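First up is the structure itself, then whatever we jot down about it.
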Amino acid sequence: MNTDPREAEQYDFVDIQQRWLPVWDELAPFRSGDPTDSRPKKYVIDMFPYPSGDLHMGHAEAYAIGDVIARYWVLKGFNVMHPIGWDAFGLPAENAAIKNNLDPGTWTYENIAQQKASMRNFACSFDWDRVLNTCDPSYYRWNQWFFLQMFKRGLAYRKFSAVNWCPNCQTVLANEQVVAGECERCDTVVTKKKLAQWYLRITEYADRLLEDMQELEGKWPEKVLLMQRNWIGRSQGAHVDFVIEGREEPVTVYTTRPDTLFGATFFVVAVDSDLAAELAAGTQAQPEFEKYLEKVKATSEMDRLDSSREKTGVFLERYAINPVNGEKIPIYAADYVLADYGTGAIMAVPAHDQRDLDFARTFDLPVNVVVESETDPRETGIATADNGVLINSGPLDGLTKVEAIPRMIEILTERGTGEVATNYRLRDWLISRQRYWGTPIPIIHCPTCGEVPVPEDQLPVELPSTEGMDLSPQGVSPLATATDWVNVACPQCGGAALRDTDTMDTFVDSSWYFLRYTDPNNSEAPFAPEKVKEWLPADQYVGGVTHAILHLLYSRFWVKVAFDMGLVDFVEPFTRLLNQGMVLKDGSAMSKSRGNLVRLSDELGENGVDAIRLSMVFAGPPEDDIDWAEVSPAGSRKFLARAWRLAGDVTSAPGVDPTTGDLGMRKATHKTIADVEQSIESMRFNVVVARIMELVNVTRKAIDSGCGPADPAVREAAESIAIMLSVVAPYTAEDMWNKLGHQPSVARAAWPVLDPALLVQDSVICVVQVAGKVKDRLEVSPDIDPAELEKLAMASEVVLAALEGKGVRTVIVRAPKLVNVVPQ
RNA sequence: GUCCCCGUAGUCCAACCGGUAGAGACACCCGGCUUAAACCCGGCACAGUGUGGGUUCGAAUCCCACCGGGGACACCA
């Protein structure tokens with residue numbers, strides 16, 4: 001007989017993983033499609049991955065966190081839908097296909113297969129029967145269907161205008177996909193190009209996107225709500241019409257400060273607007289204007305956005321008439337006014353707008369103060385914007401700014417030269433892309449009938465084969481070269497017509513996939529409304545903050561459209577949102593070029609799936625970044641081994657009555673259950689792990705030097721540990737459950753039932769303070785009478801010594817935890 | 001420049017309504033096991049909460065200012 005612990009059975013994560021994975025495949029404990037299932041429902045959803053290669057550390061963190069939530073609700077008796085799929089259209093597939101001369105589909109499906117295998121091994125509690133791939137025609141046909149519904153409702157339209165163009169990706173981009181003047185994907189500086197493109201009218205939903213955020217308050221990260229508010233950028237103000245000398249039609253400007261109209265001393269139009277070109281035409285200023293326009297066009301968007309830049313502009317030799325005082329003010333073309341915000345023209349009030357003041361000082365233009373303030377912008381060079389009293393403003397004199405704004409709007413409205421106006425920063429969503437690997441836009445261009453929708457019974461419009469097609473980006477979609485595919489008969493007149501050759505932005509795919517999961521194989525409709533009604537809105541959405549605006553704004557928009565179509569009965573798709581942090585190494589994001597890449601497969605091989613999952617969850621609060629240099633997966637593995645050994649040490653039989661067990665051990669177990677529940681529900685998963693570790697330590701001591709391995713309370717502790725641990729470390733937990741004599745799967749066990757009686761303490765430690773400093777501790781009954789407690793405290797020798805004979809001014813008693821004696 | 005969040009042991013992090021600053025871990029150190037080491041087991045220690053004020057019987061927690069870090073917005077009229 002060998003009692004050497006080194007010879008004892010060892011925790012072998014490879015063996016455990018290999019043993020349980022096939023069993024789980026067989027049992028499929030996370031299937032959620034049974035119509036007879038009467039358990040209450042929960043929908044937990046992780047943002048689906050893009051299949052760009054195998055899973056990486058970031059995926060591991062996100063899916064480990066989502067899994068804690070999903071598995072917890074399963075154990076708590078809910079019918080949990082926890083689906084997964086692939087965001088499978090997009091440029092990386094196309095670029096890889098060009099590079100390696102293969103089909104984007106082949107590349108994509110291979111990666112999906114690899115990721116799927118990795119996820120299975122990572123023990124994610126996904127319902128594998130609901131998998132969807134957005135590049136399947138059975139999925140994207142419904143993109144096309146939605147597009148056509150929006151087209152019918154006037155929510156999808158085509159227009160010719162200046163758009164963002166990524167010269168590297170050779171395609172247009174939506175505003176949301178241009179970050180600081182660069183392409184969101186490839187960081188190339190974005191340029192402008194005039195093209196006819198398809199748009200979705202998200203601006204029509206701007207107010208609802210803002211107002212419905214109230215529902216999300218406190219349930220979504222404040223940061224995301226703020227970013228969306230900023231992005232939508234609603235502002236209140238007025239439209240004011242200015243007569244232009246020598247022009248028939250007046251020009252309207254948008255201003256948030258109509259009260260300062262008397263202080264307008266010049267007028268500015270965006271240099272790159274049609275209006276500027278028109279006003280400059282035929283004037284002496286035209287050559288100089290054109291030179292300036294060329295210069296501005298050559299300036300990158302990035303530099304143009306730099307507000308610290310010196311103001312530039314050209315006087316157009318023309319004048320506008322201030323509608324309230326008839327004053328003639330000069331018109332300038334400048335690049336600090338944006339062509340696509342407001343009306344592309346502004347009234348400049350240098351005294352009360354910093355940009356206008358900067359411009360006025362550069363061009364030596366007059367500055368008229370119309371709102372009183374302690375400082376004078378003409379001297380300080382700083383425009384004032386506070387709520388002062390109006391001066392030099394005729395009928396507004398004496399009013400404060402907040403009073404003057406509505407008054408001025410009234411005056412303008414009466415005179416028919418202006419009106420109240422709301423403006424938004426949000427623009428319509430540009431969805432056409434000049435690339436192959438996406439959803440074809442289901443429109444046929446007919447020389448006689450115009451834009452004709454593809455009849456719904458002809459959907460999907462499938463992508464043509466890449467056979468013989470040159471996918472390399474040339475600024476027009478590769479689909480244009482598929483002659484057989486492009487040339488069709490017009491569905492309306494039967495004449496020769498052409499298919500639209502652009503494909504949709506991949507953010508279309510992800511704008512409604514969470515609805516499709518409820519009914520992934522429906523071939524009659526995108527989903528059955530009653531199934532969506534059963535599961536949505538989703539109880540919990542988990543994903544990175546990178547989508548704070550893009551995907552999350554588009555999805556909210558899409559759902560509101562679906563609501564208006566009568567397809568869904570809610571307006572916000574995700575009740576709660578959790579943004580997990582990123583996985584870093586040595587303080588920065590991991591990347592090959594930085595040489596700080598940590599490979600998930602290496603980590604999994606070294607310490608096992610459970611240890612990696614545990615490390616991800618234990619490293620800190622889920623929304624914090626994890627620096628992999630600061631975590632110890634080996635430490636996680638050691639803890640799992642410790643926990644696992646407990647199961648092997650239990651000697652009582654399964655089903656033994658825990659109430660006959662050691663009371664101290666039982667109290668520790670039930671305290672842990674209570675704490676773990678509370679911590680999971682408030683998303684403090686790191687604390688969950690800490691609490692379980694604590695219970696493992698206590699149980700170890702009970703076995704070695706306490707009530708012993710045969711005590712029923714020890715079994716209760718070990719079983720509770722196995723169940724609670726299963727949300728983080730399912731393999732280890734499953735093996736413990738098995739060693740404890742139970743049938744698989746631990747995922748089907750019930751969450752341990754808390755006995756509140758065991759949370760009651762026989763005695764508590766009462767702290768006795770003198771002048772707020774702890775002097776003594778008393779062991780008292782939790783329901784001690786305050787008066788009695790005070791007597792006890794006052795009798796304490798330490799307290800009396802601390803008082804040093806000084807009198808007592810007052811005594812604060814917070815029975816049973818605290819007494820504070822305040823001396824004179 | 002404006003707004004928001006965060007500063008707690010060497011490190012990562014706990015601490016419900018203001019009420020004993022420490023749950024858990026990493027690293028270190030010490031001890032046990034070992035021929036030795038690793039593994040394993042046990043243990044000790046380390047901060048008074050960025051700084052300075054204020055409110056309070058009592059402040060990590062509330063308020064103000066500053067410092068440091070992170071984030072959002074930033075010619076949006």
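Values in this document were obtained by computation on a predicted structure and should not be read as measured data. Labels below follow one simple rule: chain letters A, B, ... track the order of the sequence lines, proteins then strands, and each chain is numbered from 1.
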Calculate the interatomic distance between Glu694(A) atom CD and A25(B) atom P; express it in whole Å. 9 Å

Does A77(B) have OP1 or OP2 sitting under 4.0 Å from an N or O in the side chain of Ser235(A)? yes

For a quick check of understanding: with a heavy-atom distance under 4.0 Å over all strands, which category does Val822(A) fall into, base, sugar-phosphate or nothing? sugar-phosphate

Please state the C1' separation for the pair C28(B) and C64(B) - nearest whole angstrom. 41 Å

Taking atom types as they are modelled, would you say the side chain of Gln354(A) forms a donor-acceptor pair with the base of G1(B) within the 3.5 Å cutoff? no

Report which part of the nucleic acid Asn697(A) touches: base, sugar-phosphate, or nothing (heavy-atom distance under 4.0 Å, all strands). sugar-phosphate

If you check the Thr255(A) side chain, which of G19(B), C12(B), A77(B) turns out closest? A77(B)

Are OP1 or OP2 of C41(B) and a side-chain N or O of Arg645(A) less than 4.0 angstrom apart? yes

How about Phe363(A) and Phe266(A): are their ring centres within less than 6.0 Å of each other? no

Nearest-nucleotide wise, let me know which of Tyr424(A) and Met227(A) is further upstream toward the 5' end of RNA chain B. Met227(A)

Partner nucleotide of A23(B) by Watson-Crick or wobble geometry (both distances under 3.5 Å): none

At less than 4.0 Å, is any side-chain N or O atom of Lys701(A) found next to OP1 or OP2 of G43(B)? Yes or no. yes

Using purine N1 to pyrimidine N3 plus N6-O4 or O6-N4 for Watson-Crick, or N1-O2 and O6-N3 for G-U wobble, each under 3.5 Å, what pairs with C16(B)? none

So, are Arg234(A) and Asp207(A) salt-bridged, with charged N and O less than 4.0 Å apart? yes

Nearest whole angstrom, please: distance from the C1' of G58(B) to the CZ of Arg814(A). 10 Å

Select base, sugar-phosphate, or nothing to describe what Thr810(A) touches, counting heavy atoms under 4.0 Å on all strands. nothing

Quickly work out the Lys773(A) NZ to A21(B) C1' distance and round it to whole Å. 13 Å

Please tell me which of the listed nucleotides, C13(B), A77(B), A21(B), lies nearest to the side chain of Asp624(A)? C13(B)

Does the side chain of Asp428(A) come under 3.5 Å of the side chain of Thr203(A) through a donor N or O and an acceptor N or O? yes

Regarding the side chain of Leu226(A), the nearest nucleotide among C12(B), A21(B), A72(B) is A72(B)

Is Lys817(A) touching bases, backbone alone, or none of the nucleic acid, heavy atoms closer than 4.0 Å? nothing

Side-chain N,O (Asn686(A)) to OP1/OP2 (A14(B)) below 4.0 Å: yes

Using 0.5 Å steps for rounding, measure from the CG atom of Leu209(A) to the CD1 atom of Ile202(A). 5.5 Å

So, is Arg642(A) close to the C41(B) phosphate, meaning a side-chain N or O under 4.0 Å from OP1 or OP2? yes

What does Gln769(A) touch in the nucleic acid at a heavy-atom separation under 4.0 angstrom: a base, only the sugar-phosphate, or nothing? base

Which nucleotide in A77(B), C13(B), A25(B) has an atom nearest any side-chain atom of Pro621(A): C13(B)

Any chance you could lay out the side chain to side chain donor-acceptor pair (under 3.5 Å) test for Ser636(A) and Ser615(A), step after step, and finish with the verdict? CA-CA 6 Å; Ser636(A) 298; Ser615(A) 300; 2.7 Å; yes

Out of A23(B), A77(B), A15(B), which nucleotide sits closest to the side chain of Arg684(A)? A15(B)

Using the P atom on both, measure G50(B) against A21(B) and round to a whole Å. 16 Å

Rounded to whole angstroms, how far apart are NZ on Lys638(A) and P on A38(B)? 11 Å

Any donor-acceptor pair, under 3.5 Å, between the side chain of Asn230(A) and the base of C73(B), if you only look at N and O atoms? no

Given G24(B), G58(B), A77(B), the nucleotide with the shortest approach to the side chain of Asn820(A): G58(B)

Lys775(A) NZ to C57(B) C1', in whole Å, measures 15 Å

Residues Asp386(A) and Lys401(A) bridged, charged N to O under 4.0 Å: no

In whole angstrom, what separates Asp627(A)'s CG from C13(B)'s P? 9 Å

Would you call Asp649(A) and Arg645(A) a salt bridge, taking side-chain N to carboxylate O under 4.0 Å as the test? no

Lys/Arg N to Asp/Glu carboxylate O, Asp340(A) vs Arg427(A), below 4.0 Å: yes

Identify whether any heavy atom of Arg427(A) sits under 4.0 Å from a base atom; if not, whether one sits that close to sugar-phosphate; answer base, sugar-phosphate or nothing. base

Under 4.0 Å: is that the gap between some side-chain N or O of Arg425(A) and OP1 or OP2 of C73(B)? no

Identify whether any heavy atom of Arg691(A) sits under 4.0 Å from a base atom; if not, whether one sits that close to sugar-phosphate; answer base, sugar-phosphate or nothing. base

Of Arg700(A) and Gln678(A), the one whose nearest nucleotide on RNA chain B sits closer to the 5' end is Gln678(A)

Scan Phe639(A) against the nucleic acid and name what it touches under 4.0 Å (heavy atoms): base, sugar-phosphate only, or nothing. nothing

Between A25(B) atom P and Arg637(A) atom CZ, what is the distance in whole Å? 16 Å

For A72(B), which nucleotide in any strand shown is its Watson-Crick or wobble partner with both distances under 3.5 Å? U2(B)

Could you let me know what G7(B) is paired to, Watson-Crick or G-U wobble, both distances under 3.5 Å, or none if it's on its own? C67(B)

When the distance from CG of Asn607(A) to C1' of A25(B) is rounded to whole Å, what number comes out? 15 Å

